[in-house]
Protein chains: 2
Amino acid sequence: MDLSVQQLRMLREVSIRGTIAAAADGLGYTPSAVSQQLGGIEKSTGIAVLERVGRNVQLTDEGRELVRHAEMVIRHLEQAEVALERMQTEATGRLEIAVMESVANSMLGPLIVELTARHPALDVRTREAFGEDPTLLVRNGEVDACFTVDHPAAPMARREGLDYVGLFRDWFRLALPEQLARDREVGPIEDIAGFADERWIAPPWDDRCGRVVIQSCRLAGFEPDIAHSIDDYPASLELVAAGIGVALVPDLALRYVPESVRIVNPAVPICRTVDLAVRASSRDRPAIAALLDVAAAVVARSGLDHD
Amino acid sequence: MDLSVQQLRMLREVSIRGTIAAAADGLGYTPSAVSQQLGGIEKSTGIAVLERVGRNVQLTDEGRELVRHAEMVIRHLEQAEVALERMQTEATGRLEIAVMESVANSMLGPLIVELTARHPALDVRTREAFGEDPTLLVRNGEVDACFTVDHPAAPMARREGLDYVGLFRDWFRLALPEQLARDREVGPIEDIAGFADERWIAPPWDDRCGRVVIQSCRLAGFEPDIAHSIDDYPASLELVAAGIGVALVPDLALRYVPESVRIVNPAVPICRTVDLAVRASSRDRPAIAALLDVAAAVVARSGLDHD
DNA sequence: GCCCACCCATCAGTCCAGCTGATCGATTCA
DNA sequence: TGAATCGATCAGCTGGACTGATGGGTGGGC
């Protein structure tokens, strides 16, 4: 059996207006059409939804139950149409963001709060991208946006079809053990070449964050001795605090600086950039425009170095 | 614009399988059919739900949003079909009972509890029939069942097309002021003719409950002096307790008998009958059968005089 | 009590939506 | 560059859906 929406619509109209003739009139058909469609329900299901009483018809229990379901079907169908229309002009629909780069998670909360406050009709969701490349998820449409981190010193390949919208710059600082800083009488700005002989703590070399350290050191004229390969900046800071080595750490990772760690600025500034990646084809969608808008506002309010 | 379920089904299949060719294969159509249907969405709505990327297609944001709504529509459509099928063999669907005759309200609670316990898929509801004739509501299909009270001494007109299923008999007792009972030295069984000269308390004469009192008195050979016309049995009992008059009160109204009221049995038994009225056409529906079944069980368990 | 009005079911006929099959342009892979 | 695959489009056909006419059945009015 296979119920059609047309059949449900007619049945519902009969349920409202009472007679087939009135339903036909209301729907702009002839009674014959309605009668045939409703007869089709019984023919295909084997279940009578109408019964004649006097010269009128009346819904059976099954018919009334079917009307209740019909209401749902028709309502969802109408909702689908209005949702489609509204998406063109208003920030509505679902907006899913892949989160992975921990760098942006600090602004994720304020972003969602303000986004839903400004656009209540927007269904904002996040999704953890376990291991997967979040830009690929954006590209494939599984999510609508993701944060990306790029290092000008070791730029990543940008995926075709995506727009990368700059949010802010995150500056690297040189983290030194307090004892070392005192011994060397370091100032607020230091050439990292001065620490060429120290042991370095850096993310793994196969990570873009790791390569930027190596690149920066080579640019300063030396090859760093990366004695400890750690992906986690807070953990790196703990090692620095323990006097085990020196590290380059971005501002965003410096919210909690352990004691006995001295932070100084590299003479040659090093930064990474944080972007929002969205499909180029979806940039004119109001919901995406709202996302970029609010993200920029959150960056400005956070006092970050907006791009 | 007018989206069809077929279009939504095809769009959803494309969203699942990735390509139009695969979707067509999955649905048993040619790619041409799917392509035309999906093209129809854009033609009718003016909104592109697909975009070509390479030699494949990809859903736009609007397309993905539409798929989410499509899932709902299709799911409800399937649910409508299974609900229809299940109603034939199981006690499912909505079962609405009109409540008005307060007589049956004492068994309404246990009835609903046991009905939902035995048939969890049944959606049992009640509806107050303000002023309307509840049997008319049943006849019109606005509800599925209602309780009715009939008096063999003054039988009501039974509505055509409805089945009245007897539940139990409710016996009338004679309520006397204790002082009067003591003065007259009444026994456990008394001919009501002995109280022909007393003032009577009874429901209004235009009520069937009122007429049964007059009928019974006439049967006993006298015309009662109905000094107080009250529709409410508890209130009547209070008047009896105050020594204002005598009354005929059914058992169901005697759950709380005030002090200084003596209850005796009429020599000629008087009763009213409580029935469940359902549409004759719905008696073979499992849900209705379950209702009648459980109602009978509740009556038996309550120790009522089942019919 | 009869007749007319009304309602619904059915049937033949028409029309259009939706499918198939073929063709073509575009893209990817070897 | 050639072969394969994908999607869009077009012509053509089929079946579903609606119209209009007919007939059975019921209810209200004179």
Side-chain angles (χ1 to χ4, degrees), chain A residues 1-60 63 77 139-141 159-161 281, chain B residues 1-60 63 70 77 136 139-141 159-161 281:
Chain A
M1 75 168 175
D2 197 28
L3 295 173
S4 78
V5 174
Q6 184 72 329
Q7 289 172 327
L8 296 183
R9 242 191 283 266
M10 288 180 167
L11 182 65
R12 185 183 67 145
E13 201 68 18
V14 169
S15 142
I16 295 172
R17 307 219 178 209
T19 72
I20 289 185
D25 189 49
L27 292 170
Y29 294 118
T30 59
S32 174
V34 178
S35 177
Q36 287 179 66
Q37 285 299 308
L38 297 181
I41 296 179
E42 180 167 358
K43 200 178 301 176
S44 68
T45 64
I47 300 170
V49 292
L50 286 181
E51 58 183 352
R52 293 207 61 157
V53 43
R55 63 181 174 186
N56 297 330
V57 287
Q58 195 179 18
L59 276 74
T60 63
L77 209 50
R139 172 65 198 270
N140 292 346
R159 200 172 286 280
E160 195 182 2
S281 63
Chain B
M1 75 168 174
D2 198 27
L3 295 173
S4 77
V5 175
Q6 184 72 330
Q7 290 171 326
L8 296 183
R9 243 192 282 265
M10 287 181 167
L11 183 65
R12 185 183 67 145
E13 201 68 17
V14 169
S15 143
I16 294 171
R17 308 221 177 206
T19 71
I20 289 184
D25 190 48
L27 291 171
Y29 295 118
T30 60
S32 173
V34 178
S35 177
Q36 289 179 63
Q37 286 297 309
L38 297 181
I41 296 180
E42 180 168 357
K43 198 178 302 175
S44 66
T45 64
I47 299 169
V49 292
L50 287 180
E51 58 184 349
R52 292 208 60 155
V53 43
R55 65 179 173 186
N56 297 330
V57 287
Q58 195 179 18
L59 275 75
T60 63
L77 210 49
L136 192 57
R139 171 65 198 271
N140 292 347
R159 201 172 286 280
E160 195 181 2
S281 64

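The basis for the numbers below is simple: all heavy atoms, side chains too, and nothing from hydrogens, waters or symmetry mates. Here is how names work: the chains are called A, B, and so on, in the same order as the sequence lines, proteins then strands, and each is numbered from 1.
Residues B/V14 and B/T19 form no side-chain contact, since every pair of their non-hydrogen atoms from C-beta on lies 4.5 Å or further apart. Contact annotation: the side chain of B/L77 approaches that of A/L8 to within less than 4.5 Å [non-hydrogen atoms, C-beta and beyond]. Between A/V57 and A/L38 the shortest side-chain heavy-atom distance does not fall below 4.5 Å. Residues A/T60 and A/I47 are not in side-chain contact: their nearest non-hydrogen atoms beyond the backbone lie 4.5 Å or more apart.
To the nearest 0.5 Å, atoms CD (A/E13) and CG (A/D25) are separated by 9.5 Å. Separation of atoms CD (B/Q7) and CD (B/E42) is listed at 12.0 Å; rounding is to 0.5 Å. Distance check, rounded to the nearest 0.5 Å: CG of A/L11 to CD1 of A/I20 gives 10.0 Å.
Between B/Y29 and the options B/Q6, B/Q37, B/Q36, a side chain to side chain donor-acceptor pair (under 3.5 Å) holds for only B/Q6.
Residue A/S35 is classed as a base contact, given a heavy-atom separation below 4.0 Å to a base. Among the atoms of the strands shown, only primed sugar atoms or phosphate atoms (P, OP1, OP2) are found under 4.0 Å from some heavy atom of B/A21.
In 5' to 3' order, the nucleotides of DNA chain C bounding all contacts with chain A (an atom under 4.0 Å from a heavy atom) are C/dA5 to C/dC11.
With hydrogens and angles disregarded, a donor-acceptor distance shorter than 3.5 Å links the side chain of A/T45 to the backbone of A/I41. Without hydrogens or angle criteria, A/R139 side chain to A/E160 main chain gives a donor-acceptor distance under 3.5 Å. Between the B/S44 side chain and the B/G40 main chain, a donor and an acceptor come within less than 3.5 Å of each other.
If you find the closest nucleotide of DNA chain D to A/Q36 and to B/Q36, the one lying nearer the 5' end belongs to B/Q36.
Atom OH in B/Y29 sits roughly 14 Å away from atom P in D/dG15 (whole-Å rounding). Here D/dC6 presents its P atom at 10 Å from CG of B/D25, a figure rounded to the nearest Å.
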With the criterion being N/O to N/O and under 3.5 Å, what pairs connect the protein with nucleotides 21-30 of chain D, and how long is each?
unit_1	atom_1	unit_2	atom_2	d
D/dT26	O2	A/R55	NH1	3.4

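For residues 6-15 of chain B, proximity to DNA chain D is found at no residue, defined as any non-hydrogen atom under 4.0 angstrom from a strand atom.
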